[in-house]
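As structure tokens, the structure follows; a few thoughts come after it.
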Amino acid sequence: MYKYFIKEDEKAMKIKLNDGSVKEYKDGMTALEIAKELNQKLYKNAVAAKIDGQVTELTKTVPDGATLEILTFEDEEGKKAVWHTASHVLAQAVKRLYPDVKLAIGPATDSGFYYDFDTAEPFTNEALAKIEKEMKKIIAENISLTRYTLPRQEAIEKMKAADEPYKAELIEDLPEDAVISFYEQGDFTDLCAGPHLVSTAKVKVPKLLRTAGAYWRGDEKNKMLNRIYGTAFPTQQELDIYLKQLKEAEERDHNKLGRELNYFTTNPLVGQGLPLLMPKGAKTIQILQRFVEDEEEKRGYLLTKTPFMAKSDLYKVSGHWEHYQDGMFVLGDEEKDEEVLALRPMTCPFQYMIYNAGHHSYKDLPIRYGETSTLFRNEASGEMHGLIRVRQFTLSEGHIICTPEQLEAEFMGVLDLIKYNMKVLGIENDVFYRFSKWDPNDKDKYIGNAEEWERVQDAMRVILDHAGLDYYEKEGEAAFYGPKLDIQSKNVFGKEDTLITVQIDFALSKQFGMTYVDSDGQKKSPYIIHRSSIGSYERTLAMMIEKYAGALPMWMMSEEVRIMSITDAAEEYCNAFAERLRESGIRVTVDNRQEKIGYKIREARNERIAYMLVAGASEVEDGTFAVRRRGEGEIGSIASDDLLDMIVQQHKDRVIF
RNA sequence: GCCAACGUGGCUCAGAUGGUAGAGCAGCGCAUUCGUAAUGCGCAGGUCAGCGGUUCGAAUCCGCUCGUUGGCUCCA
């Protein structure tokens, strides 16, 4: 049906579209022209094209036989094209207002874009508003973007002539044979690989969000540049929805909610990154800890309890002294001839010393040591964040010492435990898996040689594949002593953190000379799996608060049930039922204060209590309670015997509602 | 550590251009025994994060320190 477009004497080409259909077009048409033929709405919303799987601009000519996909803002890659162009509009606006500013880089991100500038003065909020206004002007000007390429040397000359040293440096670092492309939009040109929109008008509604400092090329030795973050949407309405979502997400911020709900507090006299867990927070953590310790015991873990500190000599053997000293709190000054101790940042060396306290046969293996271990890490002052990034935290840390033959089965056992724990917490679908490898270009950061690293990483990859995990690999994220499987989660701001980690340690065991006697009578080095089975308890609590917006699963709350009397006459009745609940292991309090029932309920609701039981004269008479359940409101009158069963059952089943 | 913003009673916030602090909630007291998101009245509570400076005078201006928050990973 599209053949009408092709005249008799014109050459035709066949294009496969993303809906799978194959259609014929005039040879030499661009993606944009095809979109116009295809569908008016698509044409209007088109932002970029994907030709044979390669994202590119709409003005690109589609070759015969190609697969073509027209991208809109709905597509992830379409969004990126919009945001990337928005970053150019931002740079153009800044250049117009502040001609002396030097440009660094400006990519799209997962939720918008940023651009790094070298400026004499940081941008103020007023400047930001002014820049945003200029951006809107540029968008209204409907400037078209054109791509052109230059030979390497010419490109460098051009950037030097334009007094853009950062751009020149970028080109110099590109490979010799790289195509150097530029995008021009009116009075502004930027070095860029693209792809971009056809016109600034398609950026539609931009919004600048905040400024931040960022080192040139992410290296703290380099100059700090001024970064502007922003985003853009096709309509004001969509932008408003996004901003509202951002605000709502921040309402769940554990750092706000956790303080409001009295889970934790901080105090300047105590120090940064040292949160104080209040009774509610401490209780929840105790519940989680008991759950994990019991579960590990069932799975054959042996409990250890090791010191919080050790002589520097221990860390010299383990390699921490060389590779991790910046992260440790060191006590005592060697210069003054004092004994030098350091607080432990990890438990490994301690549990290894327990293993080394005796001789081991292959028949003893695997040995699984577990410890609820408090660790100390001297994080940089700007890194601390609520309960997520702290200087002292407690972890269920364990080490499994096994033979090479047992490694895979033990690793699977660890994964099984972790998955079980995550399921109980209700977070199994909120995490993703990262295979963290060493960085072969930065060997000094690690113990061991390249061959060992590659061998262990290959072994780990095989296990991960056997486990059927959907993971991604990342270089430079390994521990200094071995590769890791990191289980990652994101907080309300979208920031990623490691919740749980499983590592294969091949280096430390060797440092400590750990051995076992095999069936052939030979001493051999065991394999060690280093793992946590739940995140640090502080971090896990933070995640629970954010995931459930403070309404934690009932079984992990310090107060599951609150009973409220309407008049003094119901006091005894309420107390008696509370006692019955307590005998069944339910954490319950009674509110017999002389307040109106509406007031008591409001307070209990604000505290996210799971069950609110109300009793007045009629309930006392009937032997019932008027029951209110979190998130559901009043669910009716229930006889106290039935109510007891119901609550106990939910507590035991760890029902999440 | 670096960049930026912020720091007023337990909490949430008001206090233009400098003249020596104000509200609501929470707390305490009294009264109220009350039916599902705030009963009324009263009282008390702050060296305005800390230190130093400018000034006749600083919560307000400047500097330093401490703390809180966001960013410093997304590669032209």
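In the text below, chain A, chain B and the rest are named by the order of the sequence lines, each starting its count at 1. Here the structure is a predicted model, which means the values were calculated and not measured.
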With a non-hydrogen cut-off below 4.0 angstrom, is A/E260 in contact with a base, only sugar-phosphate, or nothing?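 Counting heavy atoms under 4.0 Å across all strands, no contact is made by A/E260.
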Mind checking A/L174 for me? I need base, sugar-phosphate or nothing, with any heavy atom below 4.0 Å counting as a touch.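 Counting heavy atoms under 4.0 Å across all strands, the contact made by A/L174 includes a base.
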Using 4.0 Å as the upper bound for N to carboxylate O, is an ion pair formed by A/D486 and A/K484?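 A/D486 and A/K484: salt-bridged.
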If we take the C1' atom in both B/rC11 and B/rG18, what is their distance in whole Å?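 So the two C1' atoms sit 29 Å from each other.
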Taking atom C1' in both B/rC56 and B/rU68, compute the distance separating them and give it to the nearest angstrom.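 Those two atoms are separated by 36 Å.
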Does [X] put a side-chain nitrogen or oxygen below 4.0 Å from OP1 or OP2 of [N]?
X      : N      : answer
A/Y114 : B/rC74 : yes
A/Y599 : B/rA26 : yes
A/Q594 : B/rU32 : no

Is A/R259 close to A/T266 at the side-chain level, that is, under 4.5 Å between some pair of heavy atoms?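 Yes - at least one pair of side-chain heavy atoms lies under 4.5 Å apart.
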Is it the case that the base of B/rG35 and the side chain of A/S618 share a donor-acceptor contact (distance under 3.5 Å, atom types as modelled)?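 Such a pair exists between side chain and base.
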Closest-nucleotide mapping onto RNA chain B: is A/G598 or A/H84 further toward the 5' terminus? I mean the 5' end.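 That would be A/G598.
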Find which nucleotide of RNA chain B each of A/M384 and A/D190 is nearest to by heavy atoms, and output the residue with the more 5' nucleotide.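 By nearest-heavy-atom nucleotide position, the 5'-most residue is A/M384.
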Donor-acceptor contact present, side-chain A/T284 to main-chain A/G281, <3.5 Å: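 Side chain of A/T284 to backbone of A/G281: no pair is present.
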